[in-house]
Amino acid sequence: MKVALTQGDTNGVGLELIFKTFSDSAMFEICTPVVYGHAKVAAYHRRALGIELPFKMVASADEAEQGVLNFVNCSDEDVKIEFGKVAPEAGQAAFVALERAVQEAREGKVSALVTAPICKASIQSANFPYTGHTEYLQDSVPASDTTALMVLCNSMMRVALVTTHLPVSEVSFSVTQEVIEQHVHTLYHSLCRDFGLSAPRIAVLALNPHAGDSGLLGHEEMEVIQPAIKSLADAGLPVYGPFPADGFFGAAQYRQFDAVLAMYHDQGLAPFKALCMDDGVDFTAGVGIVRTSPDHGTAFDLAGRGQVRPDSFRSAIYAAIDIARHRQAYDESHQSPLPKLYHDRREERNGRS
């Protein structure tokens, strides 16, 4: 299986993650990696880190070979490397690599995409007016009937978000019954299609402390979240809540569910990262390609020092491969059986003649 890997911010740890991950030769047995980035930048990172891992230059994923680290050079422009620094040219380099990788993923040249971390401040431009990968992918590879949904996952839990990269002051205005129902449908479908679950159970968190305390600490639970849960349950979806977030995670209630829907970024990500930082994966559900990433950022404080651990990045590759396989199996099993039935019966008739 061919897997696309983007270099991320060139002043961050993305290329180090890639080189360290594939310094383990066993990784080449599970996928054919195709890195999208700047060849000169990659060579600089490799020398600075003292990593002896060659890569093979290819024009596109079509030319990728098994058993080697394939590299698609996305630009010949010189990029100044200043480890740990926020710089527009580092963000532009990250965008160019991401754009090319997404294009080849859309064309079916790779089966999945794993993105190294970007710096949101560096990458902002007329070409990338987004707050993150999730929002960019929503516009670049939208699915026909779903919206992009950020899902943090590992073997312990899956946490999805109603709102993602949004100021806390704007969260309550953005949590609506329609949005909650839409995201639950996306999450439920993804759990079936991307994770191979037949009847997943979803827990929905409250927005306010103590789930609003019957209106004393907020009305969103009674006016928005509870009606959404009731509507979804009436439609036959196994959705439960709203649960106060502190008690839910403190009592490990997430173990009773296949996924958790949090109302805002830190409500879901803070407990997830506290419990799952080493192998957590960020997955974008509800878009037209399979995309994962490690659940951490550019780690500017560690960039260029050779100290970053590739565990989460490696897990992101594993997850991308598993999700791509689940999605293929699901799609094949849900295709119309009539064409295959017609083909099989025609072969039977031909065999008897």
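Just the heavy atoms: all of them, side chains too, but no hydrogens, waters or symmetry mates, feed the values below.
For the pair H185/I180, no side-chain contact is recorded, criterion being any heavy-atom separation below 4.5 Å from C-beta on. The shortest distance between side-chain heavy atoms of V72 and N70 does not fall below 4.5 Å. V171 has its side chain within reach of T163: a pair of non-hydrogen atoms, C-beta onward, lies under 4.5 Å apart. Looking only at side-chain heavy atoms (C-beta outward), Y254 and L275 come within less than 4.5 Å of each other. Under the 4.5 Å side-chain criterion, counting only non-hydrogen atoms from C-beta, L17 is in contact with V308. Side-chain contact check for L5 versus I317: some heavy-atom pair is nearer than 4.5 Å. Side-chain contact between L207 and I225 is present, with at least one heavy-atom pair separated by less than 4.5 Å. By the 4.5 Å heavy-atom criterion applied to side chains, F19 and R46 are counted as neighbours.
To the nearest 0.5 angstrom, Q92 atom CD is 8.5 Å from E99 atom CD. Atoms CG and SG, from D258 and C153 in turn, are 12.5 Å apart once rounded to the nearest 0.5 Å. The distance from the NZ atom of K273 to the CG atom of L152 is 7.0 Å, given to the nearest 0.5 Å. To the nearest 0.5 Å, the span separating OG on S190 from CD1 on I323 amounts to 7.0 Å. In this structure, OG1 in T134 is found 8.5 Å from CG in L161, a value given to the nearest 0.5 Å. Taken from SG in C192 to CG in L197, the straight-line distance is 7.0 Å, to the nearest 0.5 Å.
Hydrophobic clustering (side-chain heavy atoms under 4.5 Å, transitive across Ile, Leu, Val, Met, Phe, Trp, Tyr) keeps V114 apart from Y36. Note on F128 and L113: same hydrophobic cluster, where clusters join Ile, Leu, Val, Met, Phe, Trp and Tyr whose side-chain heavy atoms are under 4.5 Å apart, directly or indirectly. Under the 4.5 Å side-chain heavy-atom criterion for ILVMFWY residues, a single connected hydrophobic cluster contains both L191 and V204. Linking ILVMFWY side-chain heavy atoms closer than 4.5 Å, directly or via other members, places L15 and L69 in a single hydrophobic cluster. Note on V34 and I30: separate hydrophobic clusters, where clusters join Ile, Leu, Val, Met, Phe, Trp and Tyr whose side-chain heavy atoms are under 4.5 Å apart, directly or indirectly.
Looking at every heavy atom in both residues, G306 comes nearest to K20 through O-NZ, 2.8 Å. The two residues A259 and L187 make their nearest non-hydrogen contact at CB-CD2, 3.9 Å. Of all non-hydrogen atoms in A211 and P242, the two that sit nearest each other are CB-O, 4.2 Å. Here the shortest heavy-atom pairing between P209 and L217 reads O-CD1, 3.5 Å. The heavy-atom pair separating V290 from S111 by the smallest distance is CB-O, 4.1 Å.
The closest donor-acceptor contact from the side chain of N154 to the backbone of M157 lies under 3.5 Å. In this structure a side-chain-to-backbone donor-acceptor pair under 3.5 Å is present from S312 to D295. Here the side chain of R47 pairs no donor or acceptor atom with the backbone of A42 at under 3.5 angstrom. The backbone N or O of Q182 sits less than 3.5 Å from a side-chain atom of T186, completing a donor-acceptor pair. In this structure a side-chain-to-backbone donor-acceptor pair under 3.5 Å is missing from R291 to A112. Counting only distance, with no hydrogens or angles, the side chain of Q267 and the backbone of M263 share a donor-acceptor pair below 3.5 Å. Q124 places no side-chain N or O within 3.5 Å of a backbone atom of A121 that could act as its donor or acceptor partner. Judged by distance alone, the side chain of D194 and the main-chain N or O of R327 form no donor-acceptor pair under 3.5 Å. At distances below 3.5 Å, not a single donor-acceptor pair connects side-chain atoms of H133 with backbone N or O atoms of T292. Remark: side-chain polar atoms of E104 are paired, donor with acceptor, to backbone N or O of A61 under 3.5 angstrom.
Judged by distance alone, the side chains of H45 and E16 never bring a donor and an acceptor atom under 3.5 Å apart.
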Trace of the side-chain contact (heavy atoms from CB on, under 4.5 Å) decision for I123 with D9: CA-CA 8 Å; I123 201 172; D9 191 285; over 6 Å; no

Start with the C-alpha distance between Y130 and D139, add both sets of side-chain angles, then the distance that settles side-chain hydrogen bond (donor to acceptor under 3.5 Å, both in side chains), and finish with yes or no. CA-CA 10 Å; Y130 305 98; D139 281 356; 3.0 Å; yes

Can Y240 and Q256 be said to form a side-chain hydrogen bond (donor to acceptor under 3.5 Å, both in side chains), step by step? CA-CA 11 Å; Y240 306 89; Q256 302 171 24; over 6 Å; no

Run the salt bridge (Lys or Arg N to Asp or Glu O under 4.0 Å) check on K56 and E65 step by step: do they pass? CA-CA 9 Å; K56 175 181 173 57; E65 296 183 7; 3.6 Å; yes

Given V260 and R158, is the side-chain contact (heavy atoms from CB on, under 4.5 Å) satisfied, shown in steps? CA-CA 6 Å; V260 181; R158 304 177 187 92; over 6 Å; no

Derivation and outcome, side-chain hydrogen bond (donor to acceptor under 3.5 Å, both in side chains), residues T164 and E135: CA-CA 9 Å; T164 52; E135 295 78 9; 2.6 Å; yes

Could you go through the side-chain contact (heavy atoms from CB on, under 4.5 Å) check for I118 and T298 one step at a time? CA-CA 6 Å; I118 58 174; T298 53; 5.5 Å; no

Going through the distances and angles, do E220 and N208 end up as a side-chain hydrogen bond (donor to acceptor under 3.5 Å, both in side chains)? CA-CA 8 Å; E220 286 85 358; N208 297 297; 2.8 Å; yes

Begin with the C-alpha distance, continue with both residues' side-chain angles, and end with the deciding distance and a verdict on salt bridge (Lys or Arg N to Asp or Glu O under 4.0 Å) for K230 and D234. CA-CA 6 Å; K230 183 180 185 306; D234 289 346; 2.9 Å; yes

When you look at E181 and S231, which way does the side-chain contact (heavy atoms from CB on, under 4.5 Å) test go after all the steps? CA-CA 8 Å; E181 291 184 23; S231 175; 3.4 Å; yes

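Separation of the H334 and Y330 ring centroids falls under the 6.0 Å cut-off. Aromatic ring centres of F313 and F22 lie farther apart than the 6.0 Å criterion allows. For F283 and F195, the ring centers are positioned less than 6.0 Å apart.
Counting non-hydrogen atoms of neighbouring residues, nucleotides and ligands closer than 6.0 angstrom, the CD atom of E77 reaches no more than 12 such neighbours. Atom CZ of R193 has more than 12 heavy atoms from other residues, nucleotides or ligands within 6.0 Å. The 12-atom threshold is not exceeded at CD of Q66, counting heavy atoms of other residues, nucleotides or ligands nearer than 6.0 Å. The number of heavy-atom neighbours closer than 6.0 Å to NZ of K40, taken from other residues, nucleotides and ligands shown, is above 12.
Ring orientation note: the planes of F95 and Y136 are nearly perpendicular, at an angle over 60° on the 30°/60° scale. The aromatic rings of H165 and H265 sit tilted relative to each other, their planes meeting at an angle between 30° and 60°.
When I229, V184, I202 are each tested for a side-chain contact (heavy atoms from CB on, under 4.5 Å) with L237, only one passes: V184.
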